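Just below is one structure, and these are the notes that go with it.
Counting from 1, the numbers follow the sequence of the chain as shown. Predicted model only: the values in this text are computed from it and were never measured.
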Amino acid sequence: MDDKSGLAFQQPVPGRPRWQRRRPRRTARRTAAAGLLLSACLCFIAYAQWRQLQCSPPSVPPADPGITVHGFSVKRLQDDLATCSALRKKPQDPIGAGRKRNSRYIDGHAPTLIKNATVWIGEPPEGTPLEAARNGTGYGWIHSDVYLEYGLIQRVEAAISLSSVAADTIVFDARGRPLTAGIIDMHSHAGVGSLPSLWGNEDTNEMSANISPFVRSIDALHPLDPQIQVIKSGGVTTSLVLPGSGNNMGGEAYVIKHAVGKADGRNEISAADLLADPDRNWRYMKMACGENAKRVYGRPGEAGPMSRMGESWDFRHAFEQATKLVREQDDWCDAAVAHGVHNVKSYLPQELRWESLGALLRGQVHLNTHCYTISDLEAFIDHTNEFKFKLRAFHHAHQTFLVPEILKRAYGGDPPASALFADNMYYKAEANVASEFAGKILWDNGLTPIYVSDNPVLNAQHVLFEAAKAYKYGLPYHAALASVTTAPAERLGFGQRLGKIKPGYDADVVVWDSDPLSVGAAPVQVWIDGTVQFKDPVELDKPVVDFIVPNEDLTYIPGGPRIQADEVVFTGVTHVLLDKTQTDRKLNGQAITAVFSKGKFTCLGDCEAERQAAVKANIPVIHLKNGYLTESFTAFGSKIGLNAIDAEDDTDNGPNPTTFVRAEDGLVFDNQKLNASYTYGVTKAITAPSFRGGFSHHGTSVGFLTGAKTAVGHRTVFAGDASVHYTFDTSAKQDGTPSISAAVGTLRRKLLEAHASLSSNETIKDVYSETAFLQKVVNGSLALVITVHSADTIGALLKVKEAVEEVTKASIRLVILGGAESWLVAEELAAAKVGVVLAPLQSYAVSWDQRRALTGAPLTNGTAVDRLLESGVVTAIGLEEDWLVRDLGLLAGIVYRNGGGKVDEKGALDLVSGNVYKLLGLKQPGSKEGHFVISEGSPLDIGSRVKAIGGGTEQVTLFAK
């Protein structure tokens, strides 16, 4: 505030009325006389008033007893006084133990006894020291039965007899498989951002104002959003449904369970019936810092905020208004209690605009805030201390791992959790500084990592996969499971009801077909409030469960400089899965040795002489545990090499909606995406120019080495024009192309014209023109790749192929990229010899063109990849987003684990390597050209770690432990 102490207390006021002006003193005697007269007058007035009071009759009560002397409704004042109690009530976490029935339980549902389960309780035995428990002591799987009745877990005991439970009990035999509490997704937009995403059902953000704490996600929650059921099929039983992050203050959120209508054991279809706590003990709110608000609202000279400074002011100003309301309410309540409602001179101050924010300041709301950067995190922690409110979690929270000490300064002494993605980054500037090891670092600093989906950003069906990857990146096994069960339950205020398998907890239970943190784990059955959710679930054909033994080696974060070696010896190699070599390599039961020298492997076998020579020559000898030698991976469909930060135009090659271009002309090297690619064994990429941004393509793709530093390096580009790309999704309907049919017709015309010019021996002056490349397409020497999801559009493209081939008498090498609905025309694709690169591998109905995607067990018998492989379609796995480069091996592992034997390990690895080149008709740069990956454990499994990489040079890159 401005310093005003230098101003005079009172300034002369010119032009006062004559009677107010001071006259000069005449004589002391006259003044004394006047004083006596004034005193006499005052005494008379006082006496008169006293007499009036003595003689007047008793006061007459108001004509209406429901109105106070000040003219206010007594009933309303009494209601206001009752509101004071509600305002000052401090919520408590709803109890679990001691309940006889779940408040969500509906009469008529029979109890369930789950026999022969392997149970994850979710906590160590009582009495385990806190520090030991945090380190994992006492956690583990136990063999037990679980009895569910009245919507609660009633008993967790070995060998519960049928004679000890209700006569109408349903028995489910878990057959030794894992049983956990239902998964909790603490960041979802299911129901408010219904899928498939259409303008008419998009209600995630209220963008009429930047500060809108008064809106509520429940008012837009659509119970029949199909994604609610898809999410449940991943074992998710509870979600926090948040407003979006377009506003600094986005509004109130609600915790729901994924049981809708009679089919799921409910009596009605309503948003209210979805609420996890019908008593609404806690309220929830969403706020957001950073890029979004200034991008949405920032208009110079018109609206703001334009900067993080402006955002911080908007936050503080809103908190100031709410603080003022809280103080006024407290003053009114204090006066009403002290003097009675008949004596207050106003109604209780209330303002709906600030009511929810006032509740936050009173400690009645659990706040979750979207913040990425150090500056945002620190500013918001400052807000918590200035206005004295608690924060439950930072969401996205990409940089929290860098500043644990800032989080520990949060108001109330309870540091916020970090609600994270495992490895989703690079999509905007504030997501560019991040680490896949964030969860492990936070845990080591005494903080709480939680893994979330931000559905539909990630398909919440697979939010458990985020926790599994967190384990891969070093988070202890028990903490990884807690990150989607007990940790979010505690942060949401359900720590006594959700997240554990204990008597008194809600009967939200999942039986899994494999260890829940293993690749491809899927539910066998799900119960919500004790009611079974899938009447006829699809169960995958998998071997007996092999539980993960926590690998201590994973807890070490790879560090130190990479070592480049010309020669190296690897011992302990148990599997060699190279392009034309597939074998478990062992000699007399012992693992083999692999010797790398001068850009290639010179020995695979006993190699004892070479090993001894290497020791004498101080050549590195790397001892592996269960070593795998495989081909390196190839990224196809991504923007790697043409983009560094997705949302930043300056880092992007740019869209090409009307111009046919070559990707090679825009290559840029040595950025985080390429470095991450190489680190995780993706040594090659085939990238096409963008059509309209996002997952769209237009022009010719380029094949290049991800480890290169410049575009002119030795062997950097192995395919200057690998394939021709077009996009036929809804983005095609712009800029003179009014419809999909117009786009298909244009492609047909261009192909026929290219054939005509080729047949007429017409000279093409520009060999890099669209026509020149299409001539290669029609003569079969260059692949044509179409980005498309819709089965109907794929069918139209098959007809174009047939029509053009009838004219040209040559075969067009057509490849579908995307392919969410390609399974519907799998037989036709196989007959036409058209291959598919699935991107994403696990599609879901995020867009209209993907609405018929197969989501997999327990809802559907397989996914698109299963149907394509069954039909004989050559299939590969592509990347719809660049951050997925770390996950290519694991995605192939899902096909291997869940495919029922359709592919072996080598076949699964081909999905991210050899099959890409087979589809495009290119020669794969393989191990003979110096491309390979050496890992400990199968690269298809969650517990593997890359130990060495050959990136197509004369050297091998070695990684520290």
Any donor-acceptor pair under 3.5 Å linking the side chain of N201 with the backbone of P196?
-> yes

Sequence-distant partners of [X], side-chain hydrogen bond (donor to acceptor under 3.5 Å, both in side chains), two or more places apart:
{"X": "D529", "result": "N102, R104, K257"}
{"X": "D849", "result": "none"}
{"X": "S483", "result": "none"}
{"X": "S217", "result": "none"}

Under the salt bridge (Lys or Arg N to Asp or Glu O under 4.0 Å) rule, collect the residues that match up with [X], sequence neighbours excluded.
{"X": "D941", "value": "R897"}
{"X": "K472", "value": "none"}
{"X": "D273", "value": "R266"}
{"X": "R852", "value": "D792, E821"}

Distance-only side-chain donor-acceptor flag, H789 / S847, under 3.5 Å | no

Go through the structure and list residues passing ring-ring contact (aromatic ring centres under 6.0 Å, His included) with Y147, not counting sequence neighbours.
-> none

Which pairs pass salt bridge (charged side-chain N to carboxylate O under 4.0 Å, His left out) with one or both residues in residues 512-523, sequence neighbours excluded?
-> D513-K542

Could you name each residue pair satisfying ring-ring contact (aromatic ring centres under 6.0 Å, His included) that touches residues 503-536, not counting sequence neighbours?
-> F172-W527

Can you list every pair that meets ring-ring contact (aromatic ring centres under 6.0 Å, His included) and has a residue in residues 452-475, with sequence neighbours left out?
-> F437-Y473, Y471-Y477

Value rounded to 0.5 Å, distance of CG in L498 from OG1 in T238 | 5.0 Å

Residues R945, E936: salt bridge by 4.0 Å N-O rule = no

